[in-house]
A.B. asks: 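Take a look at the following structure, please.
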Amino acid sequence: MMTIVPDASLNNGLRMPQMGLGVWQVPQSTVADTVATALEVGYRSIDTAASYGNEAGVGEGLRRSGLDREEVFLASKLANPDQGYDSALRAFDASLERMGLDHLDLYLLHWPLPHQDRYVSSWRALERLYAEGRVRAIGVCNFQVSHLERVLDEGGIVPMVNQIELHPLLVQNKLRDFHSRHNIVTEAWSPLGQGHLLDDPTVTAIAEGLGRAPAQVLLRWQIQLGNVAIPKSVTPERIRSNFDVFDFELSAEDMQAVSALDQGHRFGPDPDDFDGD
Ligand SMILES: NC(=O)C1=CN([C@@H]2O[C@H](COP(=O)(O)OP(=O)(O)OC[C@H]3O[C@@H](n4cnc5c(N)ncnc54)[C@H](OP(=O)(O)O)[C@@H]3O)[C@@H](O)[C@H]2O)C=CC1
Ligand SMILES: O=C1CO[C@H](CO)[C@@H](O)[C@@H]1O
């Protein structure tokens with residue numbers, strides 16, 4: 001039976017599935033298989049990036065699935081060295097060419113790199129791509145409130161999505177409040193804490209009580225918060241099980257207990273400092 005995945009409504013009316021597959025660290029040589037497996041299971045959203053080095057394989061996975069292009073929500077990201085107006089436009093063309101596509105559903109600015117101060121000019125390039133109809137939605141990743149405020153002040157379009165590190169050790173209440181006020185969808189990267197949260201005692205106790213896997217509890221928590229989540233796995237059984245979170249609910253107490261794990265702890269870089277590729 002086909003699973004109905006809830007979706008998030010973007011500020012331009014486009015709808016984006018609340019669950020997608022992330023493919024960071026999935027090798028180009030195998031990513032087509034991984035994507036095809038996910039699409040067979042029922043995923044309809046894939047998150048890649050130019051810097052992941054696997055865009056070509058993602059496009060290949062879509063073609064191998066036999067699904068129509070319009071059935072799948074495909075996102076990629078502008079690599080850090082390509083920030084700047086003209087270079088961002090060229091980088092977008094190169095991503096499309098590698099993927100063998102004529103448009104993307106979502107194009108994201110990968111990091112703010114505040115010390116390089118090119119994110120506003122890069123954002124203007126994304127606005128142009130959107131205006132030209134080459135991408136159906138545009139957004140950012142790893143933006144803090146200060147970076148979003150600058151784009152809201154100096155840009156012409158409110159980002160539709162901010163993709164940020166978000167899991168129970170980093171609940172991001174302040175950013176999520178800001179997103180709600182400005183109609184920006186919150187997309188959670190590393191929703192499983194890169195695998196580190198799967199043996200957390202609070203999570204495993206809730207999972208045991210519900211007869212579910214710890215990863216399913218972590219993902220269900222994201223769905224009930226209203227976030228988009230993009231867990232990564234190359235393991236077919238995990239890809240399947242991570243998607244099987246739409247037929248149960250966490251109680252208000254369980255939601256509260258998971259949210260109370262917040263320690264402001266990051267597994268990835270701090271966006272205010274990160275200056276790398
Ligand atoms: N915008 C940004 O800056 C960033 C974006 N991202 C995006 O977010 C996605 C997800 O984040 P990521 O950092 O990959 O980490 P995740 O939190 O998704 O964790 C992935 C890890 O968990 C393991 N895993 C997955 N499912 C299960 C399961 N059911 N049981 C046990 N282990 C499991 C995977 O192993 P295995 O694959 O071996 O099954 C892998 O080691 C990325 O792939 C990428 O698309 C990530 C980081 C930064
Ligand atoms: O998407 C990504 C995966 O993680 C990397 C390292 O933490 C990041 O650089 C990158 O943004």
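Start at 1 and go down the list; that is how both ligands and their atoms are numbered.
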A.B. asks: List the closest protein heavy-atom neighbour of atom 10 (C) of ligand 1: residue, atom name, distance to the nearest 0.1 Å.
C.D. replies: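 Going by distance alone, atom 10 (C) of ligand 1 is nearest to I230 O, 3.0 Å.
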A.B. asks: Counting non-hydrogen protein atoms only, what is the nearest one to atom 7 (O) of ligand 2? Give residue, atom name and distance.
C.D. replies: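 It is P269 CD, 3.4 Å.
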A.B. asks: With a 4.0 Å cut-off on N to O distance, would you call D105 and R69 a salt bridge?
C.D. replies: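 Yes.
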A.B. asks: Please verify whether a non-hydrogen atom of P191 lies at under 4.0 Å from ligand 1.
C.D. replies: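 Right, P191 reaches ligand 1.
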A.B. asks: Which option wins on minimum heavy-atom distance to atom 26 (N) of ligand 1: L166, N242, N162?
C.D. replies: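 The residue whose heavy atom sits nearest atom 26 (N) of ligand 1 is N242.
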A.B. asks: Can you establish whether the number of heavy atoms outside E40 located under 6.0 Å from its atom CD is more than 12?
C.D. replies: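 12 or below, so no.
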A.B. asks: Taking the six-membered ring of F73, is NZ or CZ of R44 closer than 6.0 Å to its centre and within 45° of its axis?
C.D. replies: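 No cation-pi geometry.
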A.B. asks: Checking R134 against D102 for the salt bridge (charged side-chain N to carboxylate O under 4.0 Å, His left out) test, could you report, in this order, the C-alpha distance in whole Å, the side-chain angles of both residues, the deciding distance, and whether it holds?
C.D. replies: CA-CA 7 Å; R134 307 194 61 211; D102 65 1; over 6 Å; no
A.B. asks: Closest approach of V171 and D262, non-hydrogen atoms and distance?
C.D. replies: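 Nearest pair, atom of V171 first, then D262: N-OD1, 3.2 Å.
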A.B. asks: Give yes or no for whether the N/O distance cutoff of 3.5 Å, strictly under, is met between T235 and ligand 1.
C.D. replies: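 Yes, there is a polar N/O contact under 3.5 Å.
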A.B. asks: Can you say whether the rings of F274 and W111 are parallel (under 30°), tilted (30 to 60°) or perpendicular (over 60°)?
C.D. replies: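 Plane angle between 30° and 60°, so tilted.
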A.B. asks: Using a 4.0 Å heavy-atom threshold (strictly under), name the region of W189 that reaches ligand 2: side chain, backbone, both or neither.
C.D. replies: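 Within the 4.0 Å criterion, W189 makes no contact with ligand 2.
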A.B. asks: Between N227 and A229, is there a donor-acceptor pair closer than 3.5 Å when you use the side chain of the first and the backbone of the second?
C.D. replies: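 No, N227 side chain to A229 backbone: no donor-acceptor pair under 3.5 Å.
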A.B. asks: Considering only heavy atoms, which of Y52, W189, F243 lies nearest to atom 44 (C) of ligand 1?
C.D. replies: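 Checking each option, the heavy atom nearest atom 44 (C) of ligand 1 is found in Y52.
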A.B. asks: Check each atom of ligand 1 against the heavy atoms of Q194 and keep those under 4.0 Å away; list them by number with element.
C.D. replies: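 Answer for ligand 1: 13 (O), 15 (O), 16 (P), 17 (O), 19 (O), 21 (C).
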A.B. asks: For ligand 1 and R238, I'd like to know whether there is a polar contact (N/O to N/O, distance under 3.5 Å).
C.D. replies: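 Yes: some nitrogen or oxygen of R238 is under 3.5 Å from one in ligand 1.
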A.B. asks: Using the six-membered ring wherever Trp is involved, compare the ring planes of H167 and F267 and label them parallel, tilted or perpendicular (cut-offs 30° and 60°).
C.D. replies: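 Answer is tilted, since the angle falls between 30° and 60°.
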A.B. asks: Against heavy atoms of H110, which atoms of ligand 1 measure under 4.0 Å?
C.D. replies: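 Result: 1 (N), 2 (C), 3 (O).
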A.B. asks: Are D47 and K77 close enough, and set up right, to give a salt bridge (charged side-chain N to carboxylate O under 4.0 Å, His left out), and what steps lead you there?
C.D. replies: CA-CA 9 Å; D47 178 80; K77 313 187 189 90; 2.7 Å; yes
A.B. asks: A side-chain contact here means heavy atoms from C-beta on lying under 4.5 Å apart; do Q194 and W24 qualify?
C.D. replies: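 Touching, per the 4.5 Å side-chain cut-off.
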A.B. asks: Suppose I only count heavy atoms of H110 and a 4.0 Å limit; which atoms of ligand 2 are within that range?
C.D. replies: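 Going through ligand 2 atom by atom, the ones under 4.0 Å from H110 are 1 (O), 2 (C), 10 (C), 11 (O).
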A.B. asks: When only distance counts, is W111 in polar contact with ligand 2, meaning an N/O pair under 3.5 Å?
C.D. replies: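 W111 vs ligand 2: N/O contact under 3.5 Å present.
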A.B. asks: Please determine whether any non-hydrogen atom of F267 lies less than 4.0 Å from an atom of ligand 2.
C.D. replies: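 No.
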A.B. asks: Check K77 against ligand 2 and report side chain, backbone, both or neither, counting heavy atoms closer than 4.0 Å.
C.D. replies: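 K77 to ligand 2: no contact under 4.0 Å from either part.
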A.B. asks: For Q163, which of V140, V185, L109, L108 qualifies under side chain to side chain contact (heavy atoms under 4.5 Å, CB included)?
C.D. replies: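 For Q163, the side chain to side chain contact (heavy atoms under 4.5 Å, CB included) test succeeds with only one of V140, V185, L109, L108, which is L108.
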A.B. asks: Give the atoms of ligand 1, by number and element, whose distance to some non-hydrogen atom of W111 is under 4.0 Å.
C.D. replies: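 Reading through ligand 1 atom by atom, the close ones are 3 (O).
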A.B. asks: Does ligand 1 have a heavy atom under 4.0 Å from the side chain of L198, from its backbone, from both, or from neither?
C.D. replies: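 The answer is the side chain of L198.
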A.B. asks: Out of F267, W24, F274, who is nearest to atom 42 (C) of ligand 1 when you count heavy atoms only?
C.D. replies: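 The residue whose heavy atom sits nearest atom 42 (C) of ligand 1 is W24.
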A.B. asks: Which ligand 1 atoms does G193 reach within 4.0 Å, using its non-hydrogen atoms?
C.D. replies: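 Listed by number with element: 17 (O).
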A.B. asks: Going through the checks in order, is the salt bridge (charged side-chain N to carboxylate O under 4.0 Å, His left out) test met by D254 and R220?
C.D. replies: CA-CA 11 Å; D254 289 345; R220 184 69 213 176; over 6 Å; no
A.B. asks: Starting from atom 13 (O) of ligand 1, which protein heavy atom do you reach first, and at what distance in Å?
C.D. replies: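 The closest one turns out to be S190 OG, 2.7 Å.
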A.B. asks: So is there a nitrogen or oxygen of D277 less than 3.5 Å from a nitrogen or oxygen in ligand 2?
C.D. replies: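 N/O-N/O distance under 3.5 Å: no.
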A.B. asks: Among all protein non-hydrogen atoms, which one is nearest to atom 1 (O) of ligand 2, and what is the separation to 0.1 Å?
C.D. replies: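 Looking at atom 1 (O) of ligand 2, the protein heavy atom closest to it is Y52 OH, 2.6 Å.
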A.B. asks: Find all atoms of ligand 1 within a distance of less than 4.0 Å from any non-hydrogen atom belonging to C141, and give their numbers and elements.
C.D. replies: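 Counting from 1, the qualifying ligand atoms are 1 (N).
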A.B. asks: For atom CD of E71, is the number of surrounding heavy atoms from other residues, nucleotides or ligands below 6.0 Å larger than 12?
C.D. replies: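 Above 12, so yes.
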A.B. asks: At what distance is the nearest protein heavy atom to atom 1 (N) of ligand 1, and which residue and atom is it?
C.D. replies: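 Sorting protein heavy atoms by distance from atom 1 (N) of ligand 1 puts Q163 OE1, 2.7 Å first.
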A.B. asks: In the protein, what heavy atom is nearest to atom 6 (C) of ligand 2, and what distance, to one decimal place, separates them?
C.D. replies: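 Sorting protein heavy atoms by distance from atom 6 (C) of ligand 2 puts W24 CZ2, 3.9 Å first.
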A.B. asks: What residue and atom, counting heavy atoms only, is the protein's closest point to atom 20 (C) of ligand 1, and at what distance?
C.D. replies: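 Here the closest protein heavy atom is K232 O, 3.4 Å.
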A.B. asks: By number and element, which atoms of ligand 1 are closer than 4.0 Å to a non-hydrogen atom of N142?
C.D. replies: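 Taking each heavy atom of N142 in turn, ligand 1 has 1 (N), 2 (C), 3 (O) under 4.0 Å.
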A.B. asks: Any non-hydrogen side-chain atom of V228 less than 4.5 Å from a side-chain atom of Q222?
C.D. replies: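 SC-SC contact between V228 and Q222 ruled out.
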A.B. asks: Quick one: are the ring centres of Y107 and Y130 less than 6.0 Å apart?
C.D. replies: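 No, they do not, as the ring centres are separated by 6.0 Å or more.
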A.B. asks: Going by the order shown, which atoms of ligand 1 are within less than 4.0 Å of some heavy atom of A215?
C.D. replies: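 Here the atoms of ligand 1 in question are 28 (C), 29 (N).
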A.B. asks: Quick check on contacts: which atoms of ligand 1 are under 4.0 angstrom from a heavy atom of P231?
C.D. replies: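 Close to P231: 18 (O).
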A.B. asks: List the closest protein heavy-atom neighbour of atom 45 (O) of ligand 1: residue, atom name, distance to the nearest 0.1 Å.
C.D. replies: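 Checked against all protein heavy atoms, atom 45 (O) of ligand 1 sits closest to D47 OD2, 2.7 Å.
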A.B. asks: Evaluate whether atom CZ of R240 has more than 12 neighbouring non-hydrogen atoms of other residues, nucleotides or ligands under 6.0 angstrom away.
C.D. replies: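 No.
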A.B. asks: Would you say L192 and ligand 1 have an N/O pair spaced under 3.5 Å apart?
C.D. replies: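 Yes, since at least one N or O of L192 sits under 3.5 Å from an N or O of ligand 1.
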A.B. asks: Rounded to the nearest 0.5 Å, what separation is found between the CD1 atom of I184 and the CD1 atom of I164?
C.D. replies: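 It is 10.0 Å, given to the nearest 0.5 Å.
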